Amino acid sequence: MQALVFHGPGKRSWEVVPDPRTQDPEDAVVRVDGFTICGTDLHILKGDVPEVTPGTILGHEAVGTVTEVGPGVRNVSPGDRVLISCITACGRCPYCRQARYGQCRSAGWVLGHTTHGVQAEAVRVPFADGSLHRLPQGVADEAALMLADILPTSYEVGALNGGVRPGDTVVIVGAGPIGLAAVMTSGLYTPERIVVVDPVPARRDAAVALGADLALSPDDDVVERVRELTGGLGADVGMEAVGIPETFDLAVDVVRPGGRVANIGVHGKPTTLHLEDLWIRDVTITTGLVDTSTTPMLLRMLQAGKLDAGRIVTHRFGLDEVTAAYDLFADPVASGALKVAVLR
């Protein structure tokens, strides 16, 4: 089969590799019908994730059809159309028993990280019963792809950790795919207003189209604008959806005393936590890796038409166009790309 293989920082290749086979009784092999590219894949290619070794197939977001299962697999069968979660869960360890699947002691984030990933014609999925979700009838592949990672991430690490409530003012710093997904999932709680901050006009427009009430540029006086909207108080919830010190600082600065800051972005460099200012303001800061415990519920919401996840997909490619998909996704300012769907 063919797959997108990491060969060290800055090096990737769509090449022929051996077909996957079950190695453990709880494995499944899935024919990949579609996958997408994550910003984390770009971090890997930059050399920011040293755990990924040369020769690893990239990718952790896909949908497909089960072709083979080990004798220990009970929840899926050959022929089932499935969502491949970005998180692999054994279902038995202390963390899995608490639904903290991202911290699974036997797995967690392994696909495209510490084992071969999904950007291929087929993939071996460990612990298939805890890592695959059968897709409901009528759910399109490219919409389902958004539930492999960005929708549960934005919902769990953003809306739930941030404690979004009806009537809140929510400020989301960053309108990339995760930030836009945070707009959608925060909207499930009917906040009074959602404000998005991003330097790219097209992404600000996308945020408004997906439910944001106001989209600002970082060049605006964001803190003052938010205070004007909230009677001088500030936001109830600030979400950081980029992963750099400047955007984290802004997410902290916009919240009111007693406010909540939910960090969603993946940070590659240290940032300063100004406890000398925060302690007296009763500010709560949360971090987290997605657990995907909410994926079944989000799938039901998608099937019911309550989440229009497919709107985040802006570009579509065939499997033989993977390198072009990467080039386009890596330059979102020029291309206008949000999420790309690579479909069989």
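Quick caveat, the model's predicted, so the values are computed rather than measured.
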Hey, what do you get for CZ (Arg124) to OG1 (Thr115), rounding to the nearest 0.5 Å? 5.0 Å

What is the distance from atom CH2 of Trp109 to atom SG of Cys104, rounded to the nearest 0.5 Å? 15.5 Å

Using the six-membered ring wherever Trp is involved, compare the ring planes of Phe35 and Trp14 and label them parallel, tilted or perpendicular (cut-offs 30° and 60°). tilted

State whether the number of non-hydrogen atoms from other residues, nucleotides or ligands found under 6.0 Å of [X] atom [atom1] is greater than 12.
{"X": "Tyr95", "atom1": "OH", "answer": "no"}
{"X": "Arg193", "atom1": "CZ", "answer": "yes"}
{"X": "Arg316", "atom1": "CZ", "answer": "yes"}

What do the steps show when you test Arg281 against Asp253 for salt bridge (charged side-chain N to carboxylate O under 4.0 Å, His left out), and what is the final call? CA-CA 11 Å; Arg281 293 172 53 205; Asp253 290 343; 5.3 Å; no

Taking all non-hydrogen atoms of both residues into account, name the closest pair between Gly336 and Thr314 and its distance. O-OG1, 4.1 Å

If you compare all heavy atoms of Ile37 against all heavy atoms of Tyr326, which two are closest, and at what distance to 0.1 Å? CD1-CD1, 3.5 Å

Any side-chain heavy-atom pair from His113 and Val52 closer than 4.5 angstrom? yes

State, yes or no, whether a side-chain contact exists between Leu188 and Met301 at a heavy-atom distance under 4.5 Å. yes

With Asp141 via side-chain hydrogen bond (donor to acceptor under 3.5 Å, both in side chains) - residues at least two apart: Arg81

Whether the His315 and Glu321 side chains hold a donor-acceptor pair (N or O, under 3.5 Å, no angle test) is what I'd like checked. no

Per side chain to side chain contact (heavy atoms under 4.5 Å, CB included), Ile264 is matched among Thr286, Ile172, Thr153, Thr287 by Thr153

As a quick check of understanding, evaluate side chain to side chain donor-acceptor pair (under 3.5 Å) for Glu156 and Thr294, giving each step before the final call. CA-CA 7 Å; Glu156 295 172 15; Thr294 63; 2.8 Å; yes

Does Arg260 form a salt bridge (charged side-chain N to carboxylate O under 4.0 Å, His left out) with Asp168? I'd like the steps, not just the answer. CA-CA 11 Å; Arg260 305 171 298 281; Asp168 276 354; 2.9 Å; yes

Closer than 3.5 angstrom, by distance alone: can the side chain of Thr88 be matched with the main-chain N or O of Pro126 as a donor-acceptor pair? no

Apply side chain to side chain contact (heavy atoms under 4.5 Å, CB included) to His116 and Val123, showing your working. CA-CA 7 Å; His116 289 313; Val123 61; 5.7 Å; no

Can Asp219 and Arg225 be counted as an ion pair, charged N to O under 4.0 angstrom? no

